[in-house]
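Report on the following structure.
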Amino acid sequence: MSQQKFPVPPADKFLGLSTTSVGCGPGGGTPMIARVALVDYRGQIVFCTYVFPTNPVTDYRTSTTGIQASDLREENTMPWKEVQQRVAQLIAGKIIVGHTLWQDLSVLGIRHPAVATRDVALYQPFRNALRSPNHVVGLQTLMWHLMRRRVQENHVCPLENARASLDLYRSHSNEWEGAVAIGQWPSHLPPSTFSRCYQ
């Protein structure tokens with residue numbers, strides 16, 4: 001596959017997306033968006049904010065997220081509805097890149113065309129490289145084994161995750177887009193329970 005025959009879409013068509021959730025409900029088991037990040041093809045911030053909780057937080061998941069109650073005070077956040085509208089506007093007509101995008105779209109309450117997603121958690125060649133053809137591989141593991149780069153060393157940061165996902169995509173963009181161009185979708189489908197997140 002030559003790069004000329006199957007060109008990668010222009011850089012301005014791509015956005016990296018990642019979210020961080022806290023827990024609500026009994027035992028903090030229900031994810032609720034707490035922070036969202038969108039970056040451009042080169043990792044520059046397009047949008048990044050904390051999100052004001054729509055329900056009482058029962059678990060800040062601080063050891064994983066680094067988020068504390070003070071981060072989610074009204075003066076430090078944007079309302080969820082406003083965040084949802086802003087993100088929906090920004091990703092409209094774009095190809096979004098991320099890791100387990102179905103989780104991000106779910107907590108945002110946004111649907112996006114499946115053909116306009118590039119999910120590094122679902123990309124078959126990455127799974128094959130780690131000998132996990134039928135399992136989702138964590139972003140930390142993908143980054144270390146495929147790019148020899150450490151991420152999420154202290155906490156899960158949506159900015160870092162969005163940038164890391166784009167770096168992984170760019171490392172395989174010619175092969176990925178070549179497969180898409182000839183109608184051979186190179187990725188697994190997201191979990192069927194999240195089909196509502198896709199168009």
Side-chain angles (χ1 to χ4, degrees), residues 8-9 11-22 30-49 51 61 64-65 80 83-127 129-130 132-143 146-147 151-152 156-173 175-177 179-180 185-199:
V8 174
D12 63 4
K13 282 284 287 181
F14 291 91
L15 286 173
L17 170 66
S18 184
T19 60
T20 303
S21 292
V22 292
T30 303
M32 177 173 60
I33 188 169
R35 196 178 177 201
V36 60
L38 277 170
V39 298
D40 67 15
Y41 197 67
R42 292 294 160 201
Q44 299 298 307
I45 297 172
V46 174
F47 181 64
C48 185
T49 185
V51 184
R61 305 176 180 176
T64 305
T65 64
W80 177 76
V83 170
Q84 184 191 47
Q85 289 170 352
R86 186 82 187 275
V87 173
Q89 287 168 355
L90 288 166
I91 68 173
K94 303 285 187 182
I95 296 170
I96 54 172
V97 180
H99 181 272
T100 60
L101 282 166
W102 62 89
Q103 294 177 349
D104 302 313
L105 293 169
S106 178
V107 294
L108 282 161
I110 294 172
R111 299 178 75 209
H112 197 72
V115 295
T117 61
R118 302 291 183 269
D119 197 323
V120 297
L122 298 175
Y123 185 54
Q124 191 64 51
F126 289 165
R127 289 186 175 191
L130 273 73
S132 295
N134 300 310
H135 298 95
V136 171
V137 180
L139 184 60
Q140 194 175 34
T141 304
L142 286 171
M143 286 300 288
L146 300 176
M147 303 199 84
V151 296
Q152 304 175 354
V156 173
C157 169
L159 263 180
E160 181 183 43
N161 286 0
R163 288 166 173 157
S165 296
L166 267 165
D167 287 345
L168 280 167
Y169 167 77
R170 283 203 311 265
S171 74
H172 260 245
S173 58
E175 296 89 341
W176 200 322
E177 297 306 327
V180 171
W185 190 251
S187 303
H188 278 259
L189 293 174
S192 58
T193 48
F194 289 88
S195 59
R196 68 186 185 280
C197 300
Y198 299 89
Q199 298 169 352

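The first residue in the sequence is number 1, and the count goes up from there. Keep in mind it's a predicted model, so treat the numbers as computed, not measured. FYI, side chains are in, hydrogens and waters are out, and symmetry mates aren't considered; it's all heavy atoms of this structure.
- Note that CD1 of Ile96 and CD1 of Ile91 are 4.5 Å apart. Values are rounded to the nearest 0.5 Å.
- With hydrogens and angles ignored, the 3.5 Å screen pairs a side-chain donor or acceptor of Arg127 with a backbone N or O of Ala121.
- Two residues are said to be in side-chain contact when any heavy atoms from C-beta on lie closer than 4.5 Å; Thr65 and Arg35 fail this criterion.
- Looking only at distances, no side-chain donor or acceptor of His99 sits under 3.5 Å from a matching main-chain atom of Ser18.
- Side-chain atoms of His188 never come within 3.5 Å of backbone atoms of His135 as a donor-acceptor pair (strictly under, hydrogens ignored).
- With contacts defined as side-chain heavy-atom distances shorter than 4.5 Å, the pair Val36/Thr49 qualifies.
- Ring geometry for His172 against Tyr123 counts as perpendicular: the plane angle is over 60°, on a 0 to 90° scale with 30° as the lower cut.
- Scanning all heavy atoms of the two residues, the minimum distance from Val39 to Ile45 falls at CG1-CA, 4.3 Å.
- Put simply, CG on Leu38 and CD on Gln44 are 13.5 Å apart, with the number rounded to the nearest 0.5 Å.
- Rounding to the nearest 0.5 Å gives a distance of 9.0 Å between OG of Ser187 and CZ of Phe126.
- Although no hydrogens or angles enter the test, the distance criterion places a donor-acceptor pair under 3.5 Å between the side chain of Lys94 and the main chain of Asp12.
- Put simply, the side chain of Leu146 does not reach to within 4.5 Å of the side chain of Ser171, judged on heavy atoms.
- Under the 30°/60° scheme for interplanar angles, the aromatic rings of Tyr41 and Phe14 are found to be tilted.
- Val8 approaches Tyr169 most closely through the heavy-atom pair CG1-OH, 3.8 Å.
- Contact check for Leu168 versus Leu139: side-chain heavy atoms found under the 4.5 Å cut-off.
- Gln124 has its side chain out of reach of Trp185: every pair of non-hydrogen atoms, C-beta onward, lies at least 4.5 Å apart.
- Distance check, rounded to the nearest 0.5 Å: OG1 of Thr117 to CG of Leu101 gives 6.0 Å.
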Candidate pair Thr100 and Phe194, rule side chain to side chain contact (heavy atoms under 4.5 Å, CB included), full reasoning: CA-CA 11 Å; Thr100 60; Phe194 289 88; over 6 Å; no
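- Of all non-hydrogen atoms in Arg170 and Arg42, the two that sit nearest each other are NE-NH1, 3.3 Å.
- Residues Leu105 and Tyr198 form a side-chain contact, since some pair of their non-hydrogen atoms from C-beta on lies under 4.5 Å apart.
- Contact check for Gln84 versus Ile110: side-chain heavy atoms found under the 4.5 Å cut-off.
- Side chain to side chain, Arg118 and Ser165 fail the donor-acceptor criterion of an N or O pair below 3.5 Å.
- Between Ser106 and Arg196, the shortest heavy-atom contact is OG-NH2, 3.0 Å.
- Taking CG from Leu130 and CG from Leu142, the interatomic distance works out to 6.0 Å, rounded to the nearest 0.5 Å.
- Here the shortest heavy-atom pairing between Leu15 and Asp40 reads CD2-CA, 4.1 Å.
- From Leu189, atom CG reaches atom CG of Asp119 across 11.5 Å, with rounding to the nearest 0.5 Å.
- The minimum heavy-atom distance between Ala37 and Ala162, with the atom names listed, is O-CB, 4.5 Å.
- Lys13 contributes a side-chain N or O that, together with a main-chain N or O of Gly93, makes up a donor-acceptor pair within less than 3.5 Å.
- Within the 4.5 Å cutoff, side-chain heavy atoms of Ile95 are placed close to those of Pro9.
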